[in-house]
Every structure is written in structure tokens, then in C-alpha cells.
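Not measured: the values here are computed from a predicted model.
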Amino acid sequence: MSDPSFGTRFVLPAEVEADRVHAVDQLYLLDSPPEDRFARVTSMARCALGVPMAAVSLIAADRQWFKQADGLNLDGSIPRDQTICQATIARTYDDDLDPLLVIEDTRLSEFAELPAIRTEGGIRFYAGYPLRGPGGHAVGTLCVYDTRPRTLDAGQRRTFVELAGWAERELHSSDDLERAAAVQRQLLPPPLADLPGYTVHALCIPAFAVGGDFYDHYQVPGGVVFTIADVMGKGLAAAILTATVRSALRGASRAVDRSGADADIADAVNAVAQQISDDLSCTDSFVTLVHLMLRPEGGVLDYVDAGHGFALHVRGDTTVAPLPGSGLPLGVVPDEIWTSRRVHLAPGESVVLASDGVLDLISDGCDIGPALQFVAEHADPGELCAQIRALSAAHPALDDVTLVAIRREPLP
């Protein structure tokens, strides 16, 4: 550079830069695949402003990484010190400067020696606006470029700032979803470490960032409670109801167990159905679930199937049969009453509970026959979960994939 101070002019104070880079990391977007929601922003920017190039980018510690780059011949990212956007980021922290940086002819600016500008057919016009992330820090930019000098009139400037606001909202949406996904993962129970004579394997793979499925298990004085449930819908709305159902079932099941030896696991389901009836009604939603209590000593398993339908009994000879169940989902009929059924797990037998996302993976979603055969061929709970994970990785599902497999170990 002809100006020796150029390399340090846009460096932020160390503490500010550390917080800013942390905010970038909190978005969980760096090096992620392209997304249509950002492409819509850049497409609109090119059309509304009449420019050939537009980009949404994040400014990391040492690079500018492009989440979306239209009309630019880029390979993901460029060094931060070779970008004009480093100036757009730096000026965000100077209250005396307009956040919108417009350079009508880059070859007449202090950036004239940057590689993207001095090359033949390079960038001659630049406009950039900072995008703020967690903590209000400038994490990236919306930029437009042209290969000839030009200006933006007052109306175009307003349009550009509004488009930057749109891009910023999309960044915040990503942050909110990732935080919700992290919380949802943390709510999944840890593996059961102390259940002698039994093996339990489980998985939950949301179709999107967050899901409407969940599984749960926890020990109570009378045994171990297991739940698998599917809230109608996908995404954040379903995830909110999922957390509500999980919490309500935990509380009700523990209250039922404390009521004595004659307690019925169906009492917990009926209590929860009444508790969340208004929530399900006002959100036009419903919940399918299988809720069960295992008494390990005798392999006694009492369960309620509320419209779920995919609960299987794997016998010792590896034949597989659906567990009978006829209850409606929670939220369909306000005054529905659920009753429990009982099955005994002999040594070497298993129970498999799965969501309809699993059924979609291993069959056409309607015929349960292929699912029965698949479970019979992979009767070991660990192997079954591994096979489902492999199928989900190879053929990403459009529905959440959740499974719990409980096996009573064979006698020595």
C-alpha cells in the first residue's frame, strides 16, 4: 500500500474486537451452506439499485466470508485486510460517521490499491451497510458493487438501508433458532446409567433447526418412565409446545408415582391432557405420544398410546408385532379419557418406540410391514439406532426422526 497506516486504520480496540468476533461466532453461520432467504435479499438489492453485484457477508477475525454473493467470482472468503468492508465495520463504532459507506469511484479512494479494485474490470463502485448481531456488534455487511463509477440518490440510499435491515433480521433469526436448538438438545435426557439388566438407546434428529418431536426418560421410585411424543407441526412453534408437554408429563408422572402402588400411568396422561387442553385448542394443535412405566424387576411395562401408533414389541425370536393402542391424540377431543395397557418383557425382548419420521425413512410412511421387517433385522437397540442415523444422513427426512429402544437383556 502507498499509505503505510492503511493496515492499522480500521483495527478496533482489542476488547471490542474480541466481543465482536464472539458475536460472529454466536450466529453459527460461518462456512454454512447457501440459503434462499439471503439470496432473496441480494437479488432484491441488485434489482432495486440496478447493480450487477450484491453480497451478504460476515467479517471474522481475519477474513470476510460471503454467505451470499451474487455476480461475484469468489471462493467463499477473502482476507479481511483486502476488503472495503473492514472500513464499514470500523465506522460502525464511530458515532460521528454515517453507517452507510458509499464510494462512488474506488480508484479515487484510499482503497485504490486493493486487488479487487486495481485489476482490469475490477470494483469501481461500492456501497456497504453494517449488519448487527448479538450484543449489537457489527458482525457483517450488506454490500453492492459495480464495475463503473456511479452514485446512489436519496431514494436508493433509503432502499439500501431497508434491505440491510432485512438481511440483519435474517441473521437474528438464525441466532434465535440456534439458541432454541441448543436448548432443545440440552433438554434431551442423558443416557440411563443405572438400569441393570436393560439396554436403552435413543435418538432425536430434527428435520429443521428445532423440532416437534421429543423423547424423555427418568427414574421414579416405582421404576423408570419413558415418553416419546410428536407435536403437530415443525419448527419453533412446535418446539415451544414440545417443551410444555415434556415438562407437564414429568410433573404429572412423578405425582402419580407418589400416589401409591395402585397408581395408573394413564392418570398422568389424563392430567396433562386437561392441563394443556386450552393451549392445544388455541394453537389448533395436537400431540401424539406413547407414555410408559417400566418396572425393571419383572419386566412389567404399562403404557398409554395416545394416537401415536408406532410402538413395537420385539420378541425373543425377533418376531415383531405392534403394541395395541387405540387412544386419540391429545387435543383432538377435549374430554377424551386414556387407559393403560400392559405388556411383559421377557429376557431378550425389546420395545421400540418411534415417530412417524422413522416410518417415512424405512417405508412409504403408510405400510408398517417394511418397518416391522427392518426392526426385526436390527433387533439390537444400538444397531437399530445406528442404522436409523445412517439412513437419516443419507436421505435427510422432511419430518423429525425420533426413536427409543428398550431391551431386557437375555439371562446369562
Side-chain angles (χ1 to χ4, degrees), residues 189 192 195 197-198 200 202 213-232 242 244-277 280 286-315 320-347 349-356 368 372 375 381 402-408:
L192 281 170
L195 192 58
Y198 290 82
V200 178
D213 282 11
F214 77 91
Y215 72 85
D216 201 9
H217 52 64
Y218 43 92
Q219 293 184 327
V220 294
V224 185
V225 174
F226 294 84
T227 308
I228 186 169
D230 184 357
V231 176
M232 183 188 72
T242 292
T244 301
V245 175
R246 171 190 177 275
S247 179
L249 275 171
R250 279 198 166 214
S253 296
R254 286 170 169 151
V256 165
D257 186 74
R258 287 194 298 268
S259 67
D262 295 333
D264 188 341
I265 191 68
D267 294 342
V269 175
N270 289 318
V272 168
Q274 291 182 351
Q275 179 180 339
I276 66 173
S277 175
L280 295 177
F286 61 83
V287 183
T288 69
L289 62 84
V290 178
H291 189 62
L292 61 87
M293 162 78 85
L294 171 65
R295 295 175 174 82
E297 185 174 346
V300 177
L301 195 154
D302 294 320
Y303 70 94
V304 175
D305 186 335
H308 200 75
F310 195 5
L312 308 177
H313 184 188
V314 185
R315 302 189 180 95
V320 180
L323 289 178
S326 58
L328 292 173
L330 276 64
V332 173
V333 178
D335 299 323
E336 176 77 0
I337 298 296
W338 289 266
T339 58
S340 64
R341 297 172 180 259
R342 175 167 291 183
V343 65
H344 289 81
L345 286 185
E349 295 189 338
S350 304
V351 162
V352 175
L353 315 175
S355 67
D356 51 6
I368 197 172
L372 299 180
V375 172
T402 306
L403 183 142
V404 177
I406 309 162
R407 183 186 187 193
R408 187 178 184 187

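Residue pairs meeting the salt bridge (charged side-chain N to carboxylate O under 4.0 Å, His left out) criterion with at least one partner in residues 320-333, sequence neighbours excluded, are absent. Listed by first then second residue, pairs satisfying salt bridge (charged side-chain N to carboxylate O under 4.0 Å, His left out) with a partner in residues 268-277 number zero, not counting sequence neighbours. The salt bridge (charged side-chain N to carboxylate O under 4.0 Å, His left out) analysis of residues 217-229, with sequence neighbours excluded, yields no pairs.
Residues satisfying the side-chain hydrogen bond (donor to acceptor under 3.5 Å, both in side chains) criterion with Thr244, sequence neighbours excluded, are absent altogether. In this structure, Phe214 has no ring-ring contact (aromatic ring centres under 6.0 Å, His included) partners at least two apart in sequence or on a different chain. Residues forming a side-chain hydrogen bond (donor to acceptor under 3.5 Å, both in side chains) with Glu336 (at least two apart in sequence, or on another chain): none. With sequence neighbours excluded, no residue satisfies side-chain hydrogen bond (donor to acceptor under 3.5 Å, both in side chains) with Thr242. A search for side-chain hydrogen bond (donor to acceptor under 3.5 Å, both in side chains) contacts involving His217 returns nothing, not counting sequence neighbours. The salt bridge (Lys or Arg N to Asp or Glu O under 4.0 Å) search around Arg342 returns Asp302, not counting sequence neighbours. Checked against side-chain contact (heavy atoms from CB on, under 4.5 Å), Ala311 has the following partners two or more places apart in sequence or in another chain: Val290, Leu323, Leu353. Remark: Arg250 pairs with Asp216 by the salt bridge (Lys or Arg N to Asp or Glu O under 4.0 Å) rule, at least two apart or across chains.
Although no hydrogens or angles enter the test, the distance criterion places no donor-acceptor pair under 3.5 Å between the side chain of Trp338 and the main chain of Pro329. When atom types are taken as modelled, the side chain of Asp305 and the backbone of His308 share a donor-acceptor pair closer than 3.5 angstrom. Using modelled atom types, no side-chain atom of Thr402 and backbone atom of Ser355 make a donor-acceptor pair closer than 3.5 Å. Remark: the backbone N or O of Pro381 is not paired with any side-chain donor or acceptor of Arg407 at under 3.5 angstrom.
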Result block: side-chain N/O donor-acceptor pairs under 3.5 angstrom for residues 220-230, not counting sequence neighbours:
| from | atom 1 | to | atom 2 | distance (Å) |
| --- | --- | --- | --- | --- |
| Thr227 | OG1 | His291 | ND1 | 2.7 |

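Side-chain contact check for His344 versus Leu301: every heavy-atom pair is 4.5 Å or farther apart.
Shown are Asn270, Val231, Thr288, Val287; of these, the side chain to side chain contact (heavy atoms under 4.5 Å, CB included) with Leu330 is made only by Val287.
One finds the CG atom of Asp267 at 9.5 Å from the CD1 atom of Ile337 (value rounded to the nearest 0.5 Å). Here the CG-CD distance, from Leu294 to Gln219, works out to 10.0 Å after rounding to the nearest 0.5 Å.
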Yes or no on side-chain contact (heavy atoms from CB on, under 4.5 Å) for Val352 and Leu403, after CA distance, side-chain angles and deciding distance?
CA-CA 7 Å; Val352 175; Leu403 183 142; 4.1 Å; yes
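Heavy atoms only, all atoms of each residue included: Val256 and Ala268 are closest at CG2-N, 3.6 Å. In plain terms, the two heavy atoms of Glu349 and His313 that are nearest each other are OE1-NE2, 3.0 Å. Closest approach of Asp264 and Ser340 over heavy atoms only: OD1-OG, 2.7 Å. A pairwise comparison of heavy atoms in Ile276 and Ala248 identifies CG2-CB, 4.5 Å as the closest pair. Of all non-hydrogen atoms in Pro296 and Tyr198, the two that sit nearest each other are O-OH, 2.7 Å.
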